[in-house]
J.: 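Structure below; questions to follow.
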Amino acid sequence: SQQGEEDPQALSIQEGENATMNCSYKTSINNLQWYRQNSGRGLVHLILIRSNEREKHSGRLRVTLDTSKKSSSLLITASRAADTASYFCATVRSSYKLIFGSGTRLLVRP
Amino acid sequence: EAGVTQFPSHSVIEKGQTVTLRCDPISGHDNLYWYRRVMGKEIKFLLHFVKESKQDESGMPNNRFLAERTGGTYSTLKVQPAELEDSGVYFCASSKLATGEQFFGPGTRLTVL
């Protein structure tokens, strides 16, 4: 089994709309992080939410964490074409290594 | 401040050959991680260095993979001999604190023919 499964696998929206991506995991965690990967580039850290936090904001990003349901969501508001990328959630347990999900491919149409 | 750099960006080798990937972490980051993504699969953890010591190498697939971080600065990941299933993108990341944000390099795309 794997940690951090994202839903949906792919999402296509119009510029200006909001994009919501979900992530589920299976075991207890220390924190959960969201990353973005533009085509052919490295992973860019977006936001980290700790297990004792429920919601966190950073600019147009809003992340929620529900440890009882073992799930997290990433909301991008007022999306832009430049937000087109793959988004990954990654969980951290006690050993500090990131355990990634398979990612959501987001396409924002101009 | 320079980010994490990786070299080469692409490598194409034949099965049975040896390849060495290099990662230069952000200066001052004691923690260095290797991950890889093989085609169609998730990004998977390979190992974690704290300075020059291997803290966790539970993700290393087999003994054809050897990672080093002499002097606690840059790290190398050698694959010898390479097999077809080793093809993928190898990412390196570094962090100041083990619990902190990991900064990723652009990755090395390895193709084994």
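Quick note: numbers below take in every heavy atom, side chains included, and nothing from hydrogens, waters or symmetry partners. Labels below follow one simple rule: chain letters A, B, ... track the order of the sequence lines, proteins then strands, and each chain is numbered from 1.
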J.: Are R60(A) and R80(A) side-chain neighbours, meaning at least one heavy-atom pair lies under 4.5 Å?
T.: yes
J.: Would you please indicate if the ring centroids of Y35(A) and F104(B) are separated by under 6.0 Å?
T.: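 Yes, close enough.
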J.: Please list, in residue-number order, every residue in residues 47-58 of chain A that has a heavy atom less than 4.5 Å from any heavy atom of chain B; write 'none' if there are none.
T.: L48(A), R50(A)
J.: How are the rings of F103(B) and H29(B) set to each other: parallel, tilted or perpendicular (split at 30° and 60°)?
T.: tilted
J.: Distance alone, cut at 3.5 Å: any donor-acceptor contact between the side chains of Q102(B) and Y35(B)?
T.: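 Short answer, yes.
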J.: For S58(B), which atoms come within 4.5 Å of any heavy atom of chain A: side chain, backbone, both, or neither?
T.: side chain
J.: Using heavy-atom distances under 4.5 Å, tell me whether R109(B) contacts chain A through its side chain, its backbone, both, or neither.
T.: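 Neither part; nothing is under 4.5 Å.
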J.: Can you tell if the side chain of L113(B) reaches within under 4.5 Å of the side chain of V12(B), non-hydrogen atoms only?
T.: yes
J.: Centre of Y74(B)'s six-membered ring, under 6.0 Å away, within 45 degrees of the axis: is that where NZ or CZ of R22(B) sits?
T.: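 Yes, R22(B) and Y74(B) form such a contact.
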J.: With no hydrogens and no angle check, just 3.5 Å: does a side-chain donor-acceptor pair link Q80(B) and R64(B)?
T.: no
